[in-house]
J.: 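Structure in structure tokens, see below.
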Amino acid sequence: KVAAGGAEYDVVIPSDYMIARMIEEDMLEPLNFDNIPNFADIDPNLLNPAYDPENLYSVPYMWGLLGVIYNKTMVDEADLGSWDLMWNEKYSGKILQFNNSRDAFGTAMYRLGIDVNTTDTAQWDQALDSLLEQRPLVNSYVMDEIFNKLESGEAAIGAYYAGDYFTMVDAQADNVDLQFYYPEPTNYFVDAMCIPTGCQNQELAEIFINYMLSEEAAVANAEYIYYASPNSLVYDNETYQEDM
């Protein structure tokens, strides 16, 4: 959408891998951090990342990990703990796989012990064969549809993002049949706030980003979407700690 110019945005929030691509293709404006003083509260561990080595174009928004969500009333405890659960024939027709190639291939490659950054075509073919092997077991290839399918019991297992799992748990209130675990290894990701090239309101956009980093806004946002905040004001906030 940004490249096609069909819509104008002042702030976009891409994931890490897409930020690197957008920088390479001159699609992002360098930020004026004089307008973003709250950047000082970002966790130092998230600064100068590989996708934006000098932190010129992005401000971390949220981060998270990829894991497996399962229904404890439908899945045997002995089968838990690894990516193998997603390929377990016992749960044929009850497994949900990502409807995006990046994360779907990731699940297969982590399971096979393949470096997800490999440039070896044979290893990518091996991961593809694994996904084709899994296909007869899959109920559906999903993104946000995973909410309804897991919450209704139509499916029992699905790989997804930790923040969305906590949203599902909150929706279930006291009836928490859905559980979650991180297989090893797994994907760690960062979504960050950026300003697209040609933005007509860059100073205002930077002021907005700075506002999103303020304590009140950042805590409210983290409590609402359940993803891990990169902001030290959030995880040092006593009210937030009590709520979590």
J.: Do you know which two heavy atoms are closest between Ala205 and Asp10, and how far apart they sit?
T.: CB-O, 3.6 Å
J.: Atom CE in Met27, atom SG in Cys194: separation rounded to 0.5 Å?
T.: 10.5 Å
J.: Quick check on the hydrophobic clustering: are Met62 and Leu47 connected, directly or via other members, by side-chain heavy-atom contacts under 4.5 Å?
T.: yes
J.: Looking at the rings of Phe189 and Trp63, which for Trp means the six-membered one, are their centres under 6.0 Å apart?
T.: no
J.: Run the ring pair (Phe, Tyr, Trp, His ring centres under 6.0 Å) test against Phe166 and tell me which residues pass, sequence neighbours left out.
T.: none
J.: Is a donor on one side and an acceptor on the other found under 3.5 Å between the side chain of Asn99 and the backbone of Val142?
T.: no
J.: Please list all pairs passing the salt bridge (charged side-chain N to carboxylate O under 4.0 Å, His left out) test where one or both residues lie in residues 110-126, with sequence neighbours left out.
T.: Asp84-Arg111
J.: Just how far is it from atom CZ of Phe147 to atom CD of Glu145, taken to the nearest 0.5 Å?
T.: 10.5 Å
J.: Pair Gln200, Glu8 - check side chain to side chain donor-acceptor pair (under 3.5 Å), show working.
T.: CA-CA 9 Å; Gln200 300 300 303; Glu8 295 181 358; 5.8 Å; no
J.: Decide yes or no for Tyr70 and Leu178: does some side-chain heavy atom of the first lie under 4.5 Å from some side-chain heavy atom of the second?
T.: no
J.: So do the side chains of Ile209 and Ile195 get within less than 4.5 Å of each other, counting heavy atoms only?
T.: yes
J.: Please list, one pair per line, the donor and acceptor atoms closer than 3.5 Å that link side chains of residues 154-162 to other protein atoms, with sequence neighbours excluded.
T.:
residue, atom, partner, partner atom, Å
Glu154, OE2, Lys149, NZ, 2.8
Tyr160, OH, Met143, O, 3.2
Tyr160, OH, Asp144, N, 3.4
Tyr160, OH, Asp144, OD1, 3.0
Tyr161, OH, Asp103, OD2, 2.5

J.: Please step through side chain to side chain donor-acceptor pair (under 3.5 Å) for the pair Thr107 and Gln97, ending with a clear verdict.
T.: CA-CA 9 Å; Thr107 64; Gln97 178 58 282; 3.1 Å; yes
J.: Test Thr73 against Asp177 for side chain to side chain donor-acceptor pair (under 3.5 Å), laying out the working first.
T.: CA-CA 7 Å; Thr73 68; Asp177 291 333; 4.8 Å; no
J.: Restricting to side-chain hydrogen bond (donor to acceptor under 3.5 Å, both in side chains), what partner residues turn up for Asn35, sequence neighbours left out?
T.: Glu206
J.: Can you name the salt bridge (charged side-chain N to carboxylate O under 4.0 Å, His left out) partners of Glu203, sequence neighbours left out?
T.: none
J.: How close do Ala222 and Val234 get, heavy atom to heavy atom, and via which atoms?
T.: CB-CG1, 3.9 Å
J.: To the nearest 0.5 angstrom, please state how far the CG atom of Asn100 sits from the CZ atom of Phe105.
T.: 11.0 Å
J.: Just jot down the salt bridge (charged side-chain N to carboxylate O under 4.0 Å, His left out) partners of Arg21, sequence neighbours excluded, or say none.
T.: Glu25
J.: To which residues is Leu233 joined in a hydrophobic cluster, defined by side-chain heavy-atom contacts under 4.5 Å among Ile, Leu, Val, Met, Phe, Trp and Tyr, whether direct or through other members?
T.: none
J.: Does any part of the side chain of Ser92, heavy atoms only, come nearer than 4.5 Å to the side chain of Pro136, both counted from C-beta?
T.: no
J.: Could you grab the distance from atom CD of Gln123 to atom OG1 of Thr118, nearest 0.5 Å is fine?
T.: 4.0 Å
J.: Apply the side chain to side chain donor-acceptor pair (under 3.5 Å) test between Ser58 and each candidate in Asp52, Asp16, Asp191; give the one that qualifies.
T.: Asp52
J.: Other than Val138, what residues sit in its cluster of Ile, Leu, Val, Met, Phe, Trp and Tyr side chains whose heavy atoms are under 4.5 Å apart, directly or through others?
T.: Tyr141
J.: Let me check something: do Tyr17 and Leu65 share a hydrophobic cluster, defined by ILVMFWY side-chain heavy atoms less than 4.5 Å apart, either directly or through other members?
T.: yes
J.: Does anything in residues 30-60 form a ring pair (Phe, Tyr, Trp, His ring centres under 6.0 Å)? List the pairs, not counting sequence neighbours.
T.: Phe33-Phe39
J.: Could you go step by step and tell me if Trp87 and Ser130 meet the side chain to side chain donor-acceptor pair (under 3.5 Å) rule?
T.: CA-CA 9 Å; Trp87 275 259; Ser130 180; 3.3 Å; yes
J.: Side chains of Val75 and Leu80: closer than 4.5 Å at any heavy-atom pair?
T.: yes
J.: Find out whether Leu213 and Asp41 are in side-chain contact, i.e. whether some heavy atom of one side chain is under 4.5 Å from a heavy atom of the other.
T.: no
J.: Looking at Pro185, is its backbone amide N or carbonyl O close enough to the side chain of Trp83 to form a donor-acceptor pair, meaning the two atoms are under 3.5 Å apart?
T.: yes
J.: Listed by chain and number, what are the side-chain hydrogen bond (donor to acceptor under 3.5 Å, both in side chains) partners of Asp164, not counting sequence neighbours?
T.: Tyr227
J.: Would you say the side-chain atoms of Ser232 pair up with the backbone N or O of Ile42, donor to acceptor, closer than 3.5 Å?
T.: no
J.: Given side chains that start at C-beta, do those of Pro14 and Met22 come closer than 4.5 Å, heavy atoms only?
T.: yes
J.: Side-chain contact, heavy-atom cut-off 4.5 Å: Val116 with Asn187?
T.: no
J.: With heavy-atom distances below 4.5 Å as the criterion, would you say the side chains of Tyr188 and Val190 are in contact?
T.: yes
J.: So, Thr167 side chain and Gly163 main chain: donor-acceptor pair closer than 3.5 Å or not?
T.: yes
J.: Could you tell me the separation between the OG atom of Ser15 and the CZ atom of Arg102, rounded to the nearest 0.5 Å?
T.: 7.5 Å
J.: Test of understanding: with side-chain hydrogen bond (donor to acceptor under 3.5 Å, both in side chains), list the residues that count as partners of Asp76, not counting sequence neighbours.
T.: Lys90
J.: Restricting to non-hydrogen atoms, name the atom on Pro196 and the atom on Val2 that form the minimum distance, rounded to 0.1 Å.
T.: CB-CG1, 4.1 Å
J.: For Pro183 versus Val68, what's the shortest heavy-atom pair and its separation?
T.: CG-CG2, 3.7 Å
J.: Might you point out which heavy atoms bring Tyr61 and Met212 nearest each other, and give the distance in Å?
T.: CE1-CE, 4.1 Å
J.: Quick one: do Tyr182 and Phe180 satisfy ring-ring contact (aromatic ring centres under 6.0 Å, His included)? Show the steps, please.
T.: CA-CA 7 Å; Tyr182 297 115; Phe180 183 89; 5.0 Å; yes
J.: Not counting sequence neighbours, which residues clear side-chain hydrogen bond (donor to acceptor under 3.5 Å, both in side chains) with Asn45? List them please.
T.: Asp43
J.: Is there a continuous path of hydrophobic side-chain contacts, each under 4.5 Å between heavy atoms, that joins Leu204 to Tyr9?
T.: no
J.: Quick one: do Val59 and Leu56 end up in the same hydrophobic cluster if we chain Ile, Leu, Val, Met, Phe, Trp and Tyr together by side-chain heavy atoms under 4.5 Å apart?
T.: yes
J.: Please say yes or no: joined through hydrophobic side-chain contacts below 4.5 Å, possibly via intermediate residues, are Ile207 and Ile36 part of one cluster?
T.: no
J.: Look at the side chain of Gln202 and the backbone N and O of Glu29, then say whether any donor-acceptor pair between them is shorter than 3.5 Å.
T.: no
J.: Mind checking the CG-CD spacing from Leu131 to Gln126? Nearest 0.5 Å is all I need.
T.: 11.5 Å
